[in-house]
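First the structure, in the form of structure tokens, and then the observations on it.
In this text, all values refer to a predicted model and were calculated from it rather than measured experimentally.
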Amino acid sequence: MAETVPVRCPACRREHRYTAPAYPCVCGAPVAPRLDRDGPATPVSHRVWQDDWVTVRCGSCGRHGEWPRPEVGCACGVALRVAVVEGPGSTGRAAAGDGSGTAAAQGPETDEDATAADQDDQQGSTHQPDQPGQPDRPRDAATVAAEARPARPPFPSVTIRTARDAVTATALYLRWLGYRGVRRADQRPPSGIGLAARGVVAQVDPAVHPATLRDVECLWLTAMTESADCLYFSLAGYADDARARADSLGVPLFVLDLTGTPRPVNAPAETLAATGAGQRAP
């Protein structure tokens with residue numbers, strides 16, 4: 001049952017009914033922050049990246065994830081940040097029940113633990129016992145990777161209405177691809193918003209005009225200085241010369257539609273979307 005709380009605007013005294021949206025954990029369970037019914041709503045006067053996200057623990061698998069902090073837009077023009085319950089008790093909706101026998105009851109799983117578990121699962125799945133009477137046949141790396149790769153759930157889209165929604169959808173997509181530690185990039189790009197994760201930098205361009213050749217080249221140069229891969233997400237698509245340059249540099253290009261689903265538009269992006277971050281060539 002979705003949690004709904006009253007939110008009063010301190011500027012105009014209007015009262016709103018707010019329901020916290022649920023976001024998908026990597027395990028597939030819906031996760032939403034617990035709303036604080038007694039906490040006052042706070043007007044947003046200056047945005048800081050860290051304040052726009054809240055840590056929530058999935059009640060199904062125990063992972064801690066960073067999710068968009070709940071906000072309400074009042075008719076008077078004030079953006080209100082809804083109070084949430086933070087700390088050990090801030091779990092997702094899947095935590096309903098006694099929680100016995102679940103990972104949440106045993107403690108949260110860190111990114112390092114999850115990565116190690118994934119590697120163990122992949123190593124175990126590639127080991128095939130010898131069968132009597134059948135000679136060993138060599139298998140190429142692509143076949144082994146395909147067999148070892150666990151099935152991913154479909155990406156649940158987030159409707160894009162604002163530039164902040166575009167950043168949220170991109171951050172969720174990076175996690176869905178398998179990138180860990182998604183955060184705001186240290187270097188601000190010439191246009192759009194920069195995101196970073198372990199081994200990758202991404203640029204989100206919510207502008208109404210197509211991304212240019214210069215935009216793609218600047219992103220690629222930034223990635224080179226950080227010895228990382230790079231991805232580009234655009235709402236309005238790409239100029240022809242920008243797409244050609246991205247193909248030559250191996251930069252995956254994605255277009256964000258208004259449903260919040262990134263769509264690959266070149267070969268590197270199609271490969272990444274099909275295999276995930278863990279299978280990219282070094």
Side-chain angles (χ1 to χ4, degrees), residues 44-53 65-69 71 79 155 157-273 276-277 280-282:
V44 181
S45 57
H46 177 70
R47 289 199 177 277
V48 179
W49 175 259
Q50 289 80 1
D51 294 340
D52 285 341
W53 300 81
E66 296 290 327
W67 304 104
R69 187 178 293 272
E71 288 187 3
F155 174 71
S157 59
V158 178
T159 302
I160 296 178
R161 299 184 181 90
T162 64
R164 184 172 183 264
D165 293 335
V167 176
T168 299
T170 302
L172 295 176
Y173 191 75
L174 290 174
R175 293 176 183 173
W176 180 79
L177 288 175
Y179 292 108
R180 304 277 185 178
V182 180
R183 66 188 188 282
R184 189 69 173 263
D186 297 331
Q187 297 187 34
R188 184 175 180 178
S191 62
I193 300 117
L195 295 177
R198 297 180 185 177
V200 69
V201 291
Q203 185 165 333
V204 187
D205 193 349
V208 295
H209 54 79
T212 65
L213 170 65
R214 177 177 179 270
D215 294 331
V216 172
E217 290 182 338
C218 287
L219 174 63
W220 180 78
L221 289 173
T222 300
M224 291 300 98
T225 60
E226 299 186 9
S227 300
D229 295 327
C230 58
L231 292 75
Y232 205 114
F233 297 81
S234 173
L235 275 176
Y238 304 87
D240 292 339
D241 55 353
R243 292 188 59 170
R245 187 59 170 158
D247 290 340
S248 65
L249 296 176
V251 178
L253 302 180
F254 295 87
V255 169
L256 291 166
D257 58 30
L258 295 183
T259 66
T261 303
R263 178 172 55 86
V265 295
N266 64 349
E270 291 175 352
T271 301
L272 178 60
R280 291 202 69 184

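Between Ala207 and Leu235 the shortest heavy-atom distance is O-CB, 4.2 Å. Heavy-atom minimum distance, Pro206 versus Gly192: CD-CA, 4.1 Å. When all heavy atoms of Ala228 and Val201 are compared, the closest pair comes out as CB-N, 4.4 Å. Minimum interatomic distance between Thr261 and Asp257 (heavy atoms only, all atoms of both residues): N-OD1, 3.1 Å. The shortest heavy-atom contact between Phe155 and Pro262 is CE2-CD, 3.7 Å. When all heavy atoms of Cys230 and Pro252 are compared, the closest pair comes out as O-CD, 3.1 Å.
Formation of a donor-acceptor pair under 3.5 Å by the Arg243 side chain with backbone atoms of Val265 is found in this model. Looking only at distances, no side-chain donor or acceptor of Tyr232 sits under 3.5 Å from a matching main-chain atom of Ala211. Under a 3.5 Å cut-off, the side chain of Asp247 and the backbone N or O of Gly250 do not form any donor-acceptor pair.
Side chains of Arg184 and Ile193 form a contact here, defined as non-hydrogen atoms less than 4.5 Å apart. You'll find the side chain of Phe254 stays beyond 4.5 Å of the side chain of Ser234, heavy atoms only. In this structure, Pro189 and Leu219 have side chains that are not in contact, with every pair of non-hydrogen atoms separated by 4.5 Å or more. No side-chain heavy atom of Gln203 sits under 4.5 Å from any side-chain heavy atom of Cys218.
The CG atom of Asn266 sits 8.5 Å away from atom OG1 of Thr271, with the distance rounded to the nearest 0.5 Å. Interatomic distance, Leu258 CG to Thr159 OG1, rounded to the nearest 0.5 Å: 9.0 Å. For the atom pair Leu249 CG and Met224 CE, the distance stands at 8.5 Å (nearest 0.5 Å). Atom CG of Leu221 and atom CZ of Arg214 lie 10.5 Å apart (nearest 0.5 Å). Rounding to the nearest 0.5 Å places OH of Tyr238 at 4.5 Å from CG of Leu253. The structure places OG1 of Thr170 at 10.5 Å from CG of Asp205, a figure rounded to the nearest 0.5 Å.
When the options Leu177, Asp229, Leu195, Val182 are evaluated for a side-chain contact (heavy atoms from CB on, under 4.5 Å) with Val200, the one that passes is Asp229.
The aromatic rings of Tyr173 and Phe233 sit perpendicular, their planes meeting at an angle over 60°, well past the 30° parallel limit.
Counted by atom type alone, Thr168 and Asp165 present zero donor-acceptor pairs between their side chains at under 3.5 Å.
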